[in-house]
Engineer: 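Mind having a look at this structure? Questions to follow.
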2 protein chains.
Amino acid sequence: MSAPGPPARTGKRATVHDIAAAAGVSRGTVSRVLNGGYVSVTARAAIERAIREVGYVPNTAARNLVMQRSQAVGFIVLEPHTLFLEDPNIGGIMLGANAALSAADYQMVNLVVDSERDTARITRYLSGGFVDGAIIVSARSHDPIIQVVGGLALPSVFVGHPRDLHPEIPYVGIDNLASAEEITRRLLATGRRRIGMIAAAVDRDSGADRLAGFQRALGPLFDESLVAEVPVYDFACGAKGMRTLLEREPELDGVFAAADSVAAGAMEALRESGHRVPQDIGVVGFDNSSWATRTRPHLSTVHQPADDIGSHAADMVLRQLRGDPIAERGLLLPSPVVWRDSA
Amino acid sequence: MSAPGPPARTGKRATVHDIAAAAGVSRGTVSRVLNGGYVSVTARAAIERAIREVGYVPNTAARNLVMQRSQAVGFIVLEPHTLFLEDPNIGGIMLGANAALSAADYQMVNLVVDSERDTARITRYLSGGFVDGAIIVSARSHDPIIQVVGGLALPSVFVGHPRDLHPEIPYVGIDNLASAEEITRRLLATGRRRIGMIAAAVDRDSGADRLAGFQRALGPLFDESLVAEVPVYDFACGAKGMRTLLEREPELDGVFAAADSVAAGAMEALRESGHRVPQDIGVVGFDNSSWATRTRPHLSTVHQPADDIGSHAADMVLRQLRGDPIAERGLLLPSPVVWRDSA
DNA sequence: TTGTATGCGTTATCAA
DNA sequence: TTGATAACGCATACAA
């Protein structure tokens, strides 16, 4: 109980004042060695020893108050809590952002807003100066949090490409439309003609763009009845969507699932109904997440550089924080198709 | 740009001082209506109007400084970042904790510590008064963060049942040993005799206890060579562990996988090697996560009430925060076996 | 019921 | 190079 751990387990924590007293100098001098500034060698030595002795650890609230910053950036996810967990994509983006942020010595604070109550609490949190900036994922234009962030003029970045949405806030993402088009084309190239899509989250820009890309690739072959819309990117929705499609069109020979998790669910449904992949039906996904190599056969899919998206998003916030004006209105990262065996 | 959003987009935010000026009262009176205290009806009305007018939002740093609290609780995960995403169990616990915390108007702050650098930054974060309490997941006794938390006397709770680890910090979890024993027994009851285990994370209490339970159930039938140890609870490790086991013992007729994700990987390997489940080999898992119903056949497993664990953990921190002394040294939640078709 | 004054722990601006 | 001293925005004990 008494041996280890640098900070002494006393009720009150040591302050700059205590260091000053212990070292026999003024608080100003202590502050100068803590930050950077002219201080004599002898004074510095005495103070550094005192710091260790009293087990000093800075009080961030006090520092924030005077510095007007928190050294933290919010990672705001506007999705149900459960999806936040299920979606490997959001996870990857989060990891990338966290790595970049922590390299710059910023703490990432994870904020999932799902309910009215969340909105209120997180509004308070953002307004309270707990974060210096924000990375916003899955924004829709009506989200009240967006208004708050805009009103606060909080240095921010959108992940994704929401249109008509605070043009002064930059974005980073991929070209969902072009990539969806490209992967659908390859489905055509392997001879499929009755091609369906399991479209998810069409109320969001990513979902809508993937559907649009699919339609553009198919051109006159596009058949609205071969699009099964499901609410979210997940396994269960994929299985359900696939069953719907099979029911509507027994002759189906190709399927574009809007995400790998959706594709995995679809393949499960396909196996149950006795269809072989890729012989009977070709399947392609989107994301190149760990789902893609968890299915048999492995999924052909679009690689979404989640990690890069996250780190670029973090960089854009960091740059605003530094005062560097950011030139681009937005940033689209490459998302190449990766071919495996499912189509 | 100018229409919506309560806080006016001015550079400086309104303070209590501004409210006082606008309402023609002193700061003290304003503070009293903000918190609670005696204040005349007329003054209150004027102040409340002024608050809306100036678009006041409290400065949390200042409030924290004077109140010596942050109204936030850290959710500390001592695991690699990637596992934090993959492990559905941690996710469920997080969700449960978040729900309880936000119901009590606390902000949950997610802290994953994976590297040296993380440790330093998060130590600073915790010590800086950013959180009033902590929920600690996956602790091992040597983790330096534990020392910090202990040294700070930060109201905390362990998720899991780490022994020899700060006995003054309560824990909440399940009885991994008993449940592992129980589910292994049922494997025996269905006639299996050459039973192996894919043991994961044996350096942690949960992993070690599950292995111990397995051994206790088997008694004299226990064969050390039929235990394949893998580093973490995940799909890929499950497949690899299964292949190892099959190689060591072609006559294997039962397998206990230390987690559902591990079991799913194992079943994938089994399918590839042409073994039928449950006819040739019975498989049981642990967690009752979404993996359990994603496999064919569905997994028999142990239900781990992740949500409840999370909310109970949050409650224990909240109680300490309120000053209620917490009586129990720890809390073990029921974790019943759920039988499906894989064994 | 209200106003005033003081302190929370830092940093920053001055003189010295 | 250093030591006072004034902010930062809020809560609160005390005086009025």
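Proteins get letters first, then strands, A, B, ... in listed order; numbering begins at 1 in each.
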Engineer: Give every residue pair that meets the salt bridge (Lys or Arg N to Asp or Glu O under 4.0 Å) criterion with at least one member in residues 108-122 of chain A, sequence neighbours excluded.
Structural biologist: A:Arg117-B:Asp105, A:Asp118-A:Arg121

Engineer: Classify the nucleic acid contact of B:Ser31 as base, sugar-phosphate or nothing, counting any heavy atom under 4.0 Å across all strands shown.
Structural biologist: base

Engineer: Within the pair B:Gln68 and D:dA11, is there a side-chain N or O less than 4.0 Å away from OP1 or OP2?
Structural biologist: no

Engineer: Would you say B:Arg63 places a side-chain N or O within less than 4.0 Å of OP1 or OP2 belonging to D:dC10?
Structural biologist: no

Engineer: Quick one: is D:dT12 close enough that its OP1 or OP2 comes under 4.0 Å of any side-chain N or O from B:Tyr38?
Structural biologist: no

Engineer: Hey, which sits more toward the 5' end of DNA chain C by its nearest nucleotide, B:Val39 or B:Ala62?
Structural biologist: B:Val39

Engineer: Rounded to the nearest angstrom, tell me the gap between atom CG in A:Leu65 and atom C1' in D:dG9.
Structural biologist: 6 Å

Engineer: Return the value, rounded to whole Å, for the distance between atom CE of A:Met67 and atom P of D:dA6.
Structural biologist: 21 Å

Engineer: Could you tell me how far apart A:Leu34 (CG) and C:dA12 (P) are, to the nearest whole angstrom?
Structural biologist: 11 Å

Engineer: Could you state the CZ-C1' distance from B:Arg44 to C:dT1, rounded to the nearest angstrom?
Structural biologist: 12 Å

Engineer: Just how far, in rounded Å, is C1' of D:dG9 from CZ of A:Arg69?
Structural biologist: 17 Å

Engineer: Could you list the residues that satisfy ring pair (Phe, Tyr, Trp, His ring centres under 6.0 Å) with A:Tyr171, not counting sequence neighbours?
Structural biologist: A:His161

Engineer: Which part of the nucleic acid, if any, lies within reach of B:Ala43 when heavy atoms closer than 4.0 Å are counted: base, sugar-phosphate only, or nothing?
Structural biologist: sugar-phosphate

Engineer: Please state how far atom NE2 in B:His17 lies from atom P in D:dA11, giving the value in whole angstrom units.
Structural biologist: 15 Å

Engineer: With a non-hydrogen cut-off below 4.0 angstrom, is A:Asn35 in contact with a base, only sugar-phosphate, or nothing?
Structural biologist: sugar-phosphate

Engineer: Considering only side-chain heavy atoms of B:Tyr56, which listed nucleotide, D:dC10, C:dT10, C:dT4, is closest?
Structural biologist: D:dC10

Engineer: Provide the full list of salt bridge (Lys or Arg N to Asp or Glu O under 4.0 Å) pairs with a residue in residues 126-144 of chain B, sequence neighbours left out, each pair given once.
Structural biologist: B:Arg140-B:Asp203

Engineer: Please tell me if B:Ser40 has a side-chain N or O lying less than 4.0 Å from either OP1 or OP2 of C:dT2.
Structural biologist: yes

Engineer: List the residues meeting side chain to side chain donor-acceptor pair (under 3.5 Å) with A:Thr60, not counting sequence neighbours, and say none if there are none.
Structural biologist: none

Engineer: Roughly, in whole Å, what's the span from CZ in A:Arg32 to P in D:dG3?
Structural biologist: 8 Å

Engineer: Report the C-alpha separation of A:Asp307 and A:Ser311 in whole Å, then their side-chain angles, then the decisive distance to 0.1 Å, and conclude whether the side chain to side chain donor-acceptor pair (under 3.5 Å) test is met.
Structural biologist: CA-CA 6 Å; A:Asp307 214 75; A:Ser311 62; 5.5 Å; no

Engineer: Just to be sure I understand the rule, does A:Val66 reach a base, reach only the sugar-phosphate, or reach nothing, if contact means heavy atoms closer than 4.0 Å?
Structural biologist: base

Engineer: Let's see if you get this right: which residues in residues 20-29 of chain B place a heavy atom under 4.0 Å from DNA chain D?
Structural biologist: B:Gly28

Engineer: Quick test of your reading: applying salt bridge (Lys or Arg N to Asp or Glu O under 4.0 Å), list the pairs with at least one residue in residues 312-328 of chain A, sequence neighbours left out, ordered by first then second residue.
Structural biologist: A:Arg319-A:Glu328, A:Arg322-A:Asp324

Engineer: Please check if the side chain of A:Ser102 supplies one atom and the backbone of A:Asn98 the other of a donor-acceptor pair under 3.5 Å.
Structural biologist: yes

